[in-house]
Amino acid sequence: MADEKLTSQKENFSEWYNQVVLRADLADYSPVRGCMVVKPYGWALWENMQSQLDRRFKETGHVNAAFPMLIPKSFFEKEKEHVEGFSPELAVVTVGGGQELDEPLVIRPTSETIIGHMYAKWIKSYRDLPVLINQWANVVRWEMRTRLFLRTLEFFWQEGHTAHATAEEAQEETLRMLDVYADFAINEAAVPVIKGVKSESEKFAGAVNTYSIEAMMGDTKALQAGTSHNLGQNFAKAFDIKYLDQNNTLQYCWTTSWGVSTRFVGAIIMTHGDDNGLILPPRLAPYQVVIVPIYKNEEERSKVMEAVESVRKQLSGFRVKVDDRTEVTPGFKYHEWELRGVPLRLEIGPKDVEKNSVMAARRDIPGRAGKSILSQDQLAGQVQDLLDTIQAALLKRATDFRDANIHDVSSYDELKQVVESGWANAFWCGCADCEAKIKEETKATSRCQPFDQDRSQKGACVVCGKETDRRTYFSKAY
RNA sequence: CGGGGUGUAGCGCAGUUGGCAGCGCACCGCGUUUGGGACGCGGGGGUCCGCGGUUCAAGUCCGCGCACCCCGACCA
């Protein structure tokens, strides 16, 4: 596997990305164009992400359920914007059991329609509200161009779907889940994200408002890492989701939906990775620690392996891999586990047995500078400290990189220049024409209008000059 | 769907004028190695993308398909 140098990020970021995904053994191409096989190492990473997200969903009152993958095609014709948004990318089943179907079935691209249909059946009274359901599922969207994890025909995600009695509650829920995503991204994945509102043209098909967390990748392009939609009463009206309020009056519900997908794996790869490969944040890494034993002969081997065993026992509270392969040398293992992003490597050889020590190597600091000698006594505490340090260092590095590549711009020329290698923070009037012009001429799109901004300042829209108090990020994006 | 490219061993590729299908890595066996990508010897593995044609003879020439990759429009 790991027999050659990786293409460097500087040379060709996108080639670097592809090579890392394949060589780190996260995923592989499938026989079907645009689909991917998530391999055990990649899936283990996803499972850790899932459990951190799922814990947060439960803590905020949500429960999991499973809705079917096949949805009657007619459901996609009920909400006008939703139809327009999704019809070009639907996969449709027309034959079942050798018979032409009376009504074609769509393989879900997202589940607002089928869930809306069921909610209409389940919700009768204000006492039934709110309904707070999440599902972990796979969905299919017939994309033109695909890339492993970032955009595949089939992908895995969670989609939360909630129904509320009031507009205020739905809005609160929408923002609560955006906060959950940001908290996960920052504190688990060490991916600094910016929360904000999507523009009219970038919002979800059928939503009143779409909010997102936006992340900056290592090549300064943006990646939408999670979204939360306030659907207003659009789907409630299309699917007849109604309840009787305290005054015995029939009301439409207010609904939301929100999702994070396996795309986030791509965000982790492109936020932290370097020219030696993947760097995984300790809190999500499938293996937090890899132990590489070193010995020359049978006598050394038995002593070293004894120490390795005792270290492994001390570290039972961590996700540890002991690489006891005999067919490859320690140096080979160092390179391989660096490529695969394990945050901390412990080397144990004859010298360590003698001195009751282990050599620790941090993945985030290459070479000698990242190495330190630990005592075998009270190792768990030292390892925990190192992992915490690495987690914090990754977040800081990514945050510094992001901030260094976001520039306030005050003119259109400046914006054009900035989006070639970073994000532009610009006053924008919010109109579709100005946005379209930027996209047309620079290939940069509006990412979000960040919550965190000083609205007392006014300025001129970088395109048309109209006065506004709103700044928006523009950049090239995945 | 437009533009470009590629299909030969698991992967990366070479294959001249049409004349026994090869190389590197990976894999298997044995031995020596092992603190930053080890080495020697031996070995296994092929529908040359598919179909049709030309020819004594096709990986190679001709025709028609198909698939995948890259660049655009579309998207989480």
Side-chain angles (χ1 to χ4, degrees), chain A residues 1-6 12 14-15 18-19 22-23 28-35 84-90 109-110 138-159 181 198 201-205 207 210 212-215 222-229 257-267 276-277 292-298 300-301 304 323-339 345-355 357-359 361 366-368 370-371 373 439-440 443 445 477-478:
Chain A
M1 182 200 313
D3 54 329
E4 287 157 38
K5 269 243 168 337
L6 215 52
N12 185 342
S14 139
E15 180 60 25
N18 288 334
Q19 288 184 8
L22 295 172
R23 290 169 57 173
D28 201 355
Y29 293 104
S30 88
V32 177
R33 177 195 77 86
C35 292
E84 288 169 14
F86 280 101
S87 56
E89 53 186 58
L90 296 181
T110 178
N138 54 344
V139 293
V140 170
R141 299 179 186 179
W142 216 262
E143 301 290 352
M144 288 303 161
R145 285 200 58 212
T146 59
R147 300 203 52 196
L148 293 170
F149 288 112
L150 297 177
R151 188 174 301 104
T152 44
L153 293 199
E154 178 190 23
F155 60 92
F156 301 87
W157 74 346
Q158 56 69 216
E159 45 179 328
Y181 287 157
K198 284 296 204 182
S201 75
E202 294 282 328
K203 80 176 192 197
F204 177 73
T210 288
S212 72
I213 49 172
E214 299 286 329
L223 184 88
Q224 181 176 310
T227 50
S228 187
H229 314 292
S257 68
W258 26 275
V260 159
S261 74
T262 37
R263 172 180 244 205
F264 204 105
V265 172
N276 294 324
V292 178
I294 299 155
Y295 48 80
K296 286 193 175 64
N297 50 48
E298 185 53 37
E300 285 183 357
R301 197 195 74 87
V304 165
D323 189 349
D324 55 4
R325 287 176 295 175
T326 54
E327 66 272 22
V328 289
T329 60
F332 182 94
K333 293 175 186 177
Y334 299 168
H335 283 271
E336 181 166 298
W337 291 112
E338 280 167 11
L339 172 64
R345 180 180 73 238
L346 299 181
E347 307 165 12
I348 303 178
K351 291 178 209 164
D352 299 294
V353 171
E354 210 173 292
K355 291 187 284 190
S357 64
V358 303
M359 179 66 86
R368 191 158 285 279
K371 287 200 174 188
I373 296 170
K439 187 173 178 179
E440 169 86 29
K443 289 180 186 164
T445 50
Y478 279 98

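Lettering of chains follows the sequences in order, A, B, ..., and the numbering in each one begins at 1.
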Visitor: Find the distance between OG1 (A:Thr210) and CH2 (A:Trp258) and round it off to the nearest 0.5 Å.
Guide: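 That separation rounds to 15.0 Å.
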Visitor: Is A:Lys198 touching bases, backbone alone, or none of the nucleic acid, heavy atoms closer than 4.0 Å?
Guide: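 Result for A:Lys198 = nothing.
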Visitor: Taking the nucleotide of RNA chain B with the closest heavy atom to each, which residue, A:Thr262 or A:Tyr29, is nearer the 5' end?
Guide: A:Tyr29
Visitor: Should B:C1 form a Watson-Crick or G-U wobble pair with both distances under 3.5 Å, which nucleotide is its partner?
Guide: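 With both distances under 3.5 Å, B:C1 matches B:G72.
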Visitor: Using both distances under 3.5 Å as the test, list the Watson-Crick or G-U wobble partner of B:A21, or none.
Guide: none
Visitor: Under 4.0 Å between any heavy atoms, over every strand shown, what does A:Glu15 touch: base, sugar-phosphate, or nothing? Just pick one.
Guide: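 It contacts nothing in the nucleic acid.
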Visitor: Quote, to the nearest angstrom, the C1' distance that separates B:G50 from B:U8.
Guide: 15 Å
Visitor: If you assign each of A:Gly349 and A:Ser201 to its closest nucleotide in RNA chain B, which residue comes earlier from the 5' end?
Guide: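 Result: A:Gly349.
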Visitor: Please classify the nucleic acid contact of A:Arg368 as base, sugar-phosphate, or nothing, using heavy-atom distances under 4.0 Å.
Guide: nothing
Visitor: Is it the case that the side chain of A:Lys333 and the backbone of A:Asp323 share a donor-acceptor pair, with hydrogens and angles ignored and the cut-off at 3.5 Å?
Guide: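 Between the backbone of A:Asp323 and the side chain of A:Lys333 there is a qualifying donor-acceptor contact (under 3.5 Å).
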Visitor: Between B:C39 and B:A26, how far apart are the P atoms? Round to whole Å, please.
Guide: 9 Å
Visitor: In whole angstroms, how far is the C1' atom of B:C39 from the CZ atom of A:Phe332?
Guide: 15 Å
Visitor: Listed by chain and number, what are the salt bridge (Lys or Arg N to Asp or Glu O under 4.0 Å) partners of A:Glu159, not counting sequence neighbours?
Guide: none
Visitor: Are side-chain heavy atoms of A:Asp28 and A:Leu22 found at a separation under 4.5 Å?
Guide: yes
Visitor: What's touching nucleotides 29-34 of chain B from the protein side, N or O pairs under 3.5 Å?
Guide:
residue : atom : partner  : partner atom : Å
B:U34   : O2'  : A:Tyr295 : O            : 3.3

Visitor: NA contact type, A:Ser228, heavy-atom cut-off 4.0 Å: base, sugar-phosphate, or nothing?
Guide: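 Touches nothing.
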Visitor: Looking at every strand, decide which applies to A:Lys351 at a 4.0 Å heavy-atom threshold: base, sugar-phosphate, or nothing.
Guide: base
Visitor: The criterion is ring-ring contact (aromatic ring centres under 6.0 Å, His included); which residues satisfy it with A:Phe156, sequence neighbours excluded?
Guide: A:Trp43
Visitor: Provide, to the nearest angstrom, the distance between the CD atom belonging to A:Glu143 and the P atom belonging to B:G72.
Guide: 15 Å
Visitor: Tell me what A:Gln224 touches on the nucleic acid: a base, only sugar-phosphate, or nothing, going by heavy atoms under 4.0 Å.
Guide: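 Contact class for A:Gln224: sugar-phosphate only.
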Visitor: With heavy atoms under 4.0 Å as the rule, sort A:Leu150 into base, sugar-phosphate or nothing.
Guide: base
Visitor: Just how far, in rounded Å, is P of B:G36 from CZ of A:Arg345?
Guide: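 After rounding, the reported distance stands at 10 Å.
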Visitor: When both hydrogen-bonding distances must be under 3.5 Å and the geometry is Watson-Crick or G-U wobble, what is B:U6 paired with, if anything?
Guide: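 Across all strands, the one nucleotide that pairs with B:U6 is B:A67.
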Visitor: If I take atom CD in residue A:Gln19 and atom P in nucleotide B:G12, what distance separates them, rounded to the nearest angstrom?
Guide: 11 Å
Visitor: When the P atoms of B:U47 and B:C56 are considered, how many whole Å apart are they?
Guide: 28 Å
Visitor: Quick one: which of B:G37, B:C1, B:C70 gets closest to the side chain of A:Asn18?
Guide: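 Among the listed nucleotides, the one closest to the side chain of A:Asn18 is B:C70.
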Visitor: Looking only at atom P, what distance separates B:G65 and B:G18, rounded to whole Å?
Guide: 26 Å
Visitor: Using only heavy-atom distances, decide whether a donor-acceptor pair under 3.5 angstrom links the side-chain of A:Glu338 to the base of B:G37.
Guide: no
Visitor: Nearest whole angstrom, please: distance from the C1' of B:G72 to the NZ of A:Lys443.
Guide: 7 Å
Visitor: Considering only heavy atoms from C-beta outward, does the side chain of A:Val304 approach that of A:Pro350 to under 4.5 Å?
Guide: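 In contact.
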Visitor: Which whole-number value in Å describes the distance from A:Arg325 CZ to B:A38 P?
Guide: 12 Å
Visitor: In whole Å, measure the gap between the P atoms of B:A38 and B:C25 for me.
Guide: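 Their P atoms lie roughly 13 Å apart.
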Visitor: If I take atom CD from residue A:Glu89 and atom OG1 from residue A:Thr110, how far apart are they, to the nearest 0.5 angstrom?
Guide: 10.5 Å
Visitor: State the pairing partner of B:C39; accept Watson-Crick or G-U wobble contacts with both distances under 3.5 Å, and report none otherwise.
Guide: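 When the pairing criteria are applied, B:G31 turns out to be the nucleotide that pairs with B:C39.
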Visitor: A:Tyr29 versus A:Leu148: any side-chain heavy-atom pair under 4.5 Å?
Guide: yes
Visitor: Using the C1' atom on both, measure B:G59 against B:U6 and round to a whole Å.
Guide: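 Result for the C1' pair: 15 Å, nearest Å.
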Visitor: Any strand is fair game: report the nucleotide pairing with B:G46 by Watson-Crick or G-U wobble, both distances under 3.5 Å, or none.
Guide: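 B:G46 is unpaired by these criteria.
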Visitor: If you look at every strand shown and take non-hydrogen atoms under 4.0 Å, does A:Phe155 touch a base, only sugar-phosphate, or nothing?
Guide: base
Visitor: Could you give the distance separating B:C49 and B:A67 at their P atoms, to the nearest angstrom?
Guide: 16 Å
Visitor: Less than 6.0 angstrom from the centroid, inside 45 degrees of the normal: does A:Arg147 satisfy that with respect to the ring of A:Tyr478?
Guide: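 Verdict for A:Tyr478: no cation-pi partner in A:Arg147.
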Visitor: Taking the six-membered ring of A:Tyr295 (Phe, Tyr or Trp), confirm whether the NZ or CZ of A:Lys351 is under 6.0 Å from its centre and within 45° of its axis.
Guide: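 Not satisfied by the 6.0 Å and 45° rule.
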Visitor: Round to a whole Å and report the spacing from NZ of A:Lys333 to C1' of B:G36.
Guide: 13 Å
Visitor: Could you state the atom-to-atom distance from CZ of A:Arg23 to C1' of B:G37 in whole Å?
Guide: 11 Å
Visitor: If we take the C1' atom in both B:C41 and B:A57, what is their distance in whole Å?
Guide: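 Their C1' atoms lie roughly 38 Å apart.
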